[in-house]
Amino acid sequence: MIGRRKFFTLLGGTAAAWPLAARAQQPAMHMIGYLDSRSPEAVADRLRGFRQGLKESGYIENENVVIAYRWAEDQPDRLQELAADLVRRGVAVIVTAGPPAAFAAKAATTTIPILFLVGDDPVRLGLVASLARPGGNMTGINVFNVQRRVGGEAAGAVA
């Protein structure tokens, strides 16, 4: 028969181990890859918006999602290796800003989803087959900018 003191010691040790076992069984957080040809300082406002959008969708950095940032620091020749590194890390999605980063990600993988932001027609650039059916693993946001003259001044319009 087990003694009372030994029983409570055993029970206390088991209870202390439960949280450790529960943490060990939790799935790893998903990882988002973020690839940009610039530096973080150059896109600080955009990063704040990106993180806010994730938060509004229920994804909070370092709580339930990890973001692996890769910055080329205005050295576009580094983008290929940075994209390949994200692929090796097994990110769930690669987010890119600008055509150079989008092309580097496209060259690095055909299976990981790639979300791009470009200011030119992605079909004309060769990123996607069509706007209605992008095909492949790429999709994105295109900001069409149109310049027109209004009263002698150039005015920008976003379509």
Side-chain angles (χ1 to χ4, degrees), residues 14 16-148 154-159:
T14 304
W18 280 338
L20 295 175
R23 263 183 273 153
Q25 293 174 0
Q26 291 178 355
M29 285 191 274
H30 288 289
M31 186 181 309
I32 296 172
Y34 187 96
L35 182 63
D36 201 309
S37 61
R38 296 162 292 184
S39 67
E41 297 79 24
V43 294
D45 289 338
R46 182 175 288 168
L47 281 177
R48 274 192 292 281
F50 175 66
R51 290 181 185 119
Q52 182 62 35
L54 285 173
K55 186 176 182 180
E56 290 171 5
S57 298
Y59 297 101
I60 301 169
E61 188 173 11
N62 297 323
E63 285 188 25
N64 59 3
V65 70
V66 175
I67 304 173
Y69 297 97
R70 296 295 178 269
W71 306 99
E73 302 285 342
D74 296 319
Q75 298 174 39
D77 56 311
R78 296 183 60 216
L79 285 168
Q80 274 306 133
E81 179 52 37
L82 295 171
D85 180 57
L86 292 173
V87 171
R88 281 191 298 274
R89 293 202 50 165
V91 297
V93 62
I94 299 174
V95 177
T96 67
F103 282 115
K106 183 176 183 176
T109 181
T110 58
T111 56
I112 297 173
I114 299 168
L115 176 63
F116 59 81
L117 172 65
V118 294
D120 201 349
D121 181 357
V123 175
R124 190 180 66 70
L125 290 173
L127 289 172
V128 296
S130 75
L131 294 179
R133 298 189 187 278
N137 60 326
M138 299 197 68
T139 191
I141 301 167
N142 174 230
V143 182
F144 285 111
N145 288 313
V146 178
Q147 293 289 329
R148 58 187 161 95
V158 177

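When a residue number appears, it is its place in the shown sequence, counting from 1.
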Testing the basics here: between Ala104 and Ala83, what is the closest heavy-atom pair and its distance to 0.1 Å? O-CB, 3.6 Å
Considering all heavy atoms of both residues, which atom of Phe103 and which atom of Gln80 are nearest to each other, and what is their separation? O-OE1, 4.2 Å
Identify the two heavy atoms, one from Leu47 and one from Pro40, that lie closest to each other, and give their separation to 0.1 Å. CD1-O, 4.1 Å
Output the distance between atom CG (Asp36) and atom CD (Glu73), rounded to the nearest 0.5 Å. 9.5 Å
Donor-acceptor contacts, no H, no angles, side chain residues 112-133, under 3.5 Å, sequence neighbours left out:
unit_1 : atom_1 : unit_2 : atom_2 : d
Asp120 : OD1    : Arg124 : NH2    : 3.0
Asp120 : OD2    : Arg124 : NH2    : 2.0
Asp121 : OD1    : Val123 : N      : 2.9
Ser130 : OG     : Arg133 : N      : 2.9
Ser130 : OG     : Arg133 : O      : 3.1

Measuring from atom CZ of Arg70 to atom CG of Asp85, what distance do you get when rounded to the nearest 0.5 angstrom? 4.5 Å
Scanning both residues in full, the closest heavy-atom pair of Ala108 with Ala84 reads CB-N, 4.1 Å
Rounded to the nearest 0.5 Å, what separates atom CE in Met138 from atom NZ in Lys106? 6.0 Å
Stepwise, does the side chain to side chain contact (heavy atoms under 4.5 Å, CB included) test hold for Thr111 with Val87? CA-CA 10 Å; Thr111 56; Val87 171; over 6 Å; no
With side chain to side chain contact (heavy atoms under 4.5 Å, CB included) as the test, would you mind laying out the steps for Arg38 and Asp74 before giving the verdict? CA-CA 5 Å; Arg38 296 162 292 184; Asp74 296 319; 3.8 Å; yes
Any idea which heavy atoms bring Ala101 and Thr96 closest together, and the distance? O-CG2, 3.6 Å
Worked verdict on Arg88 versus Glu81 for salt bridge (charged side-chain N to carboxylate O under 4.0 Å, His left out): CA-CA 10 Å; Arg88 281 191 298 274; Glu81 179 52 37; 2.6 Å; yes
Please check if the side chain of Arg78 supplies one atom and the backbone of Trp71 the other of a donor-acceptor pair under 3.5 Å. yes
dist Met31:CE -> Leu86:CG (nearest 0.5 Å) comes out at 9.0 Å
Counting neighbours of CZ on Phe50 that are heavy atoms of other residues, nucleotides or ligands and sit closer than 6.0 Å, is the number greater than 12? yes
Given Lys55 and Ile60, is the side chain to side chain contact (heavy atoms under 4.5 Å, CB included) satisfied, shown in steps? CA-CA 5 Å; Lys55 186 176 182 180; Ile60 301 169; 4.2 Å; yes
Interatomic spacing from CD in Glu56 to CD in Gln52 - rounded to 0.5 Å: 4.5 Å
